[in-house]
Amino acid sequence: MHAGLRITAFAAALAATFGTAYGVGKGVDPVVEDPAPARHESHGEAKPDAGGHGGHETAPAGGLQISEGGYTLDLRTPTVTAGKRTELSFAIRDSAGRAVTAYQREHEKELHLIVASRDLVTYRHLHPTRAADGTWSIPVELPRAGGYRVFADFTPAKKGAENLTLGADLAAAGSFEPQRMPAPNGTAKIHGYEVRLDGGLRPGKASELKLNVSRDGRPVKNLQPYLGAYGHLVALRSGDLAYLHVHPNGEPGDGSTKPGPQISFTATAPSSGTYRLFLDFKHEGKVHTAEFTVRAGGATTATEAPAHDDGTEGHGH
């Protein structure tokens, strides 16, 4: 591996990694989930038009703002060292600057934390611990230097409060070498499992994404519930990292959803472009993350080249 640029300070990391190509805009739509029969609340779903019919107007993209709805993500650890285990700490502050200490539990947790590199090669789905004073913390070790985005997905325990996803930039110091995003793939291999993605994203139109889990050539029919579902899908758009935590069409105990091998989602892409999908699933007591690159506007099929199996343990679990 060739020696790259040494990032020694937070500002330098941002300048070297983000550049003008990584500018974050406001008012950009995320991948949005169409209403599904599952009881999960959807994040950023399409709003009906004036006639009461489903339209393509969407809520503001999650994760593009550090402050929204009177709440602010206060990231107290804005820089870490690549390859070194570091305590990542932050707080959610209200409009008066006070740390929030009461949250609604969603999918068995008060808050979900996502950490993703700007090139969408590294991904972590974490569940930090909250102290009595409202400070959240969790050890994290990022494998590569460069720019990252931290997403806090939560709902305050306040009457009428809505779910929010706030985002902040994180820099990992070290020897930086840019990496290309993996090519579009219809299959992902992780820890001996193979996950096949059938279907694709279409701009402005709902489409079904079916993910089929197998191991050693045999379908896995005994997936275990993880955070109240058989699978969780996070979608991030390349370029601005617009965020959406998508949920499956169905859930354990609803009388119709089977524990595999197939997990189904319905989603609408608001624009053409490249997206990264991260599927968390649990089997035999371990959580695994299957990763896909898809392009909105064309179907992703299992005939395309599969992503490589890095042989590592499940990301961030």
side-chain contact (heavy atoms from CB on, under 4.5 Å) partner of Leu126, the single match among Val150, Val140, Leu111, Ile114: Val140

How far apart are the closest heavy atoms of [X] and [Y], and which atoms are they?
X	Y	answer
Ala188	Ala290	CB-CB, 4.0 Å
Gly134	Ala99	CA-CB, 4.2 Å
Thr155	Glu106	OG1-OE2, 3.0 Å
Phe176	Gly146	CD1-CA, 3.8 Å
Leu166	Ser67	CD2-C, 4.1 Å
Lys221	Pro261	CG-CD, 4.0 Å

Under a 4.0 Å N-O cut-off, is there an ion pair linking [X] with [Y]?
X	Y	value
Asp119	Arg144	yes
Glu194	Arg215	no
Glu110	Arg130	yes

Under a 3.5 Å cutoff, is there a donor and acceptor pairing between the side chains of [X] and [Y]?
X	Y	result
Thr293	Arg276	yes
Ser89	Thr135	no
His107	His232	no

Does the side chain of [Y] come within less than 4.5 Å of [X]'s, by heavy atoms?
X	Y	answer
Leu88	Leu75	yes
Leu277	Val294	yes
Thr266	Ser207	no
Ser137	Pro128	no
Thr101	Asp133	no
Pro156	Tyr71	yes
Phe281	Val220	no
Arg149	Asp169	yes

For the rings on [X] and [Y], is their centre-to-centre separation under 6.0 Å?
X	Y	value
Trp136	Tyr103	yes
His288	Tyr193	yes
Phe278	His125	no

Tell me if a side-chain donor or acceptor on [X] pairs with a main-chain N or O of [Y] at a distance below 3.5 Å.
X	Y	result
Gln224	Glu284	yes
Thr86	Val80	no
Asn185	Glu291	yes
Asp254	Ser256	yes
His112	Phe151	no

Measure the [atom1]-[atom2] distance between [X] and [Y] for me, rounded to the nearest 0.5 Å.
X	Y	atom1	atom2	answer
Tyr230	Thr257	OH	OG1	7.5 Å
Arg180	Leu120	CZ	CG	15.5 Å
Leu236	Thr274	CG	OG1	13.0 Å
Leu197	Leu233	CG	CG	9.0 Å
Gln179	Ser117	CD	OG	8.0 Å
Ser264	Glu208	OG	CD	3.5 Å

Quick one: do Phe90 and Leu113 satisfy side chain to side chain contact (heavy atoms under 4.5 Å, CB included)? Show the steps, please. CA-CA 11 Å; Phe90 64 94; Leu113 187 71; 3.9 Å; yes

In sequence, state the C-alpha distance, the side-chain angles, and the governing distance for Asp153 and Asn163, and then conclude on side chain to side chain contact (heavy atoms under 4.5 Å, CB included). CA-CA 7 Å; Asp153 183 342; Asn163 176 266; 3.0 Å; yes

Give the intermediate values and the outcome of side chain to side chain contact (heavy atoms under 4.5 Å, CB included) for residues Ile190 and Thr289. CA-CA 7 Å; Ile190 181 73; Thr289 302; over 6 Å; no

Stepwise, does the side chain to side chain contact (heavy atoms under 4.5 Å, CB included) test hold for Phe292 with Thr187? CA-CA 7 Å; Phe292 301 88; Thr187 61; 5.5 Å; no

